[in-house]
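First the structure, in the form of structure tokens, and then the observations on it.
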There are 2 protein chains.
Amino acid sequence: MTAETEAPCGQHRRGSRSVEGHDVPSAEHARIRLAQCSPLHVRESCLAGGLSQQDLEALDRLTFSRRRAHLGEPLYEAGQAFGQLYAVGSGTFKSCVTLADGRQQVTGFHLPGELLGLDGVGTGTYASGAIALEDSEVCVIPYANLRDASSAGAEVQGAIARLMSREIVRAHSLMLMLGSMNAEERLAAFLLSFSSRMKARGFSPTEFHLRMSREEIGSFLGMKLETVSRTFSSLVQKRLLDVNKRHVRIVDLQQLQSALAR
Amino acid sequence: MTAETEAPCGQHRRGSRSVEGHDVPSAEHARIRLAQCSPLHVRESCLAGGLSQQDLEALDRLTFSRRRAHLGEPLYEAGQAFGQLYAVGSGTFKSCVTLADGRQQVTGFHLPGELLGLDGVGTGTYASGAIALEDSEVCVIPYANLRDASSAGAEVQGAIARLMSREIVRAHSLMLMLGSMNAEERLAAFLLSFSSRMKARGFSPTEFHLRMSREEIGSFLGMKLETVSRTFSSLVQKRLLDVNKRHVRIVDLQQLQSALAR
DNA sequence: CGTAAGTTTGACAGCGGTCAATCCTCGTGG
DNA sequence: CCACGAGGATTGACCGCTGTCAAACTTACG
């Protein structure tokens with residue numbers, strides 16, 4: 001239906017092995033608590049950063065459902081009424097903002113344990129959309145529950161504030177990257193960030209599979225897909241990486257880090 | 001003392017008509033409530049956006065002091081322990097982040113009514129620094145006071161959450177700008193944003209004085225100061241602006257807006 | 001096997017960075 | 001009061017990075 005453009009934020013059409021018939025992804029809302037929702041990831045990564053055991057237990061009590069999103073499906077879309085936050089349980093998401101004239105940009109990639117939807121709190125409307133980059137699962141956290149002063153509300157409010165603040169810091173450092181780095185530095189920064197996030201989740205920090213296309217990486221890094229591809233090739237030539245399509249192996253992590261300091 | 005670099009985040013050395021002898025800007029902490037702290041600006045601008053009357057009164061009760069900062073003086077610096085938020089009462093500030101290798105970037109300019117320091121909530125350390133671009137005044141809001149569940153804490157917590165969320169949205173749209181606009185579009189976007197913020201504060205939206213240098217604008221927009229200057233000249237040539245150093249008059253606001261949609 | 005999407009690579013051009021000279025403003029000191 | 005110097009702004013010349021256009025290759029799915 002939607003007139004598909006050449007944008008990096010579109011939904012995928014080729015549904016992979018998605019079973020189809022799932023046009024409305026808001027289907028099942030099983031009552032499953034955060035603690036059962038891939039607890040290891042959620043607790044030991046971004047979400048847990050700075051949260052006390054008490055915070056986590058409070059959060060657990062406020063989480064009431066989970067939801068699945070297949071590859072290419074939106075979890076929510078920009079402009080939609082804000083109602084809940086989502087904690088990635090498994091899989092990967094990208095979030096995208098759109099300019100008035102249609103230009104779009106990927107503002108982030110989200111791994112298990114990270115929180116989505118915080119940009120909706122301010123206005124009551126999601127400012128960005130989130131789309132699954134593979135078949136994924138999230139925990140749904142109704143925001144109204146957080147506002148209830150009841151049930152350790154204050155603790156959780158503080159935790160949410162910390163998470164938001166970190167998102168601000170992250171966005172600012174991305175601004176720095178977009179404003180002052182060349183193509184090679186941007187890609188190196190992206191890969192190193194990805195590497196440390198994989199490591200934090202118990203995966204290999206030097207070998208991983210990217211779930212996003214060259215175009216999506218380019219959109220995130222503020223460069224064209226051809227430049228992304230060329231820069232990958234350049235880093236391979238310099239013996240810092242092995243790359244085969246979306247499979248990446250970091251050969252020389254030391255040098256990749258020093259590629260940032262130019 | 002500090003080895004001054006060529007960065008856009010440095011403190012100014014030429015103290016203008018500053019009286020001197022004010023090396024420690026944390027001096028006087030008069031007990032003045034937010035309501036007395038340029039209330040018109042604070043209430044009718046960013047801070048007030050989305051806040052109820054109740055929120056504002058709650059905030060008032062938590063504000064205990066104000067502080068002055070002369071041109072070039074830091075309000076706080078990156079890495080410093082986080083303790084309070086600052087509401088700009090009068091004047092202008094810039095905030096800056098620094099990369100490991102010393103590169104810096106201006107992440108925002110702040111007008112009366114806007115809140116500074118939210119990036120410190122997450123880690124307990126300010127991730128950016130804030131420097132006065134003219135002699136300015138702020139309201140000091142100890143963050144600990146906000147966390148106290150006492151005295152309508154929940155209301156204020158929600159208000160702070162909304163403000164943080166808006167800052168996230170703002171940062172994301174800046175990322176979009178840095179990633180996908182050319183020099184002219186960036187400058188136009190900057191001027192239009194500045195214009196509407198001036199208008200919101202009761203100033204002329206078409207004629208104003210910029211408190212920041214070309215280098216600082218460039219740092220914020222991800223371009224070099226020469227390019228900023230050239231782009232100003234280009235917009236003058238196109239009859240969209242009148243520019244004399246830092247004094248700007250928007251001649252054709254319509255066309256300036258359409259310069260964004262390319 | 002054919003088509004579509006994604007990736008890679010090449011050729012070329014243009015925007016913006018770099019280096020440099022000049023001008024302007026303002027504060028300081030002779 | 002004027003000369004001088006420093007910092008900021010403007011403008012020009014040049015060039016390199018990255019965008020643009022295009023073609024070839026790979027992979028997956030119908």
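Within every chain, numbering begins at 1; the chains are lettered A, B, ... in the order of the sequence lines, protein sequences first and strands thereafter.
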| said: I'd like to know if the side chain of Asp119(B) and the backbone of Val169(A) have a donor-acceptor N/O pair within less than 3.5 Å. | reply: no
| field | Arg186(B) (side chain) donor-acceptor with Met181(B) (main chain) under 3.5 angstrom | value | yes
Rounded to whole angstrom units, what separation is found between the [atom1] atom of [X] and the [atom2] atom of [N]?
X	N	atom1	atom2	result
His247(A)	dT8(C)	NE2	P	14 Å
Leu178(B)	dG16(C)	CG	C1'	15 Å
Leu187(A)	dT7(C)	CG	C1'	14 Å
Lys224(B)	dG8(D)	NZ	P	15 Å
Glu216(B)	dG7(D)	CD	P	15 Å
Glu215(B)	dT18(C)	CD	P	12 Å
Leu235(A)	dT8(C)	CG	C1'	15 Å

| task | Select base, sugar-phosphate, or nothing to describe what Gly222(A) touches, counting heavy atoms under 4.0 Å on all strands. | result | sugar-phosphate
| Cation-pi between Arg246(B) and Phe208(B): NZ/CZ under 6.0 Å from ring centre and within 45° of the ring axis? | no
Below 3.5 Å is the cut-off: list the nitrogen or oxygen pairs between protein and nucleotides 9-12 of chain C, distance only.
unit_1  : atom_1 : unit_2    : atom_2 : d
dT9(C)  : OP2    : Ser233(A) : OG     : 2.4
dG10(C) : N7     : Arg230(A) : NH1    : 3.0
dG10(C) : O6     : Arg230(A) : NH2    : 3.4

| query | Side chains of Ile250(A) and Leu241(A): closer than 4.5 Å at any heavy-atom pair? | reply | yes
| query | Does a nitrogen or oxygen in the side chain of Arg246(A) sit under 4.0 Å from OP1 or OP2 of dG6(C)? | reply | no
Sequence neighbours left out, what passes side chain to side chain contact (heavy atoms under 4.5 Å, CB included) with [X]? Give chain and number order.
X	answer
Lys238(B)	Glu184(B), Ser234(B), Leu240(B)
Ser204(B)	Thr206(B), Glu207(B)
Thr227(A)	Ala183(A), Met223(A), Lys224(A), Thr231(A)
Ser193(B)	Arg197(B)

Under 3.5 Å between N/O atoms: give me all the protein pairs with nucleotides 21-23 of chain C, atom names plus distance.
none

| field | ring pair (Phe, Tyr, Trp, His ring centres under 6.0 Å) between Phe220(B) and Phe109(B), intermediate numbers included | value | CA-CA 9 Å; Phe220(B) 179 62; Phe109(B) 298 110; 5.2 Å; yes
| said: From C-beta outward on Val243(B), which listed nucleotide comes closest to its side chain: dT10(D), dG17(C), dT18(D)? | reply: dT10(D)
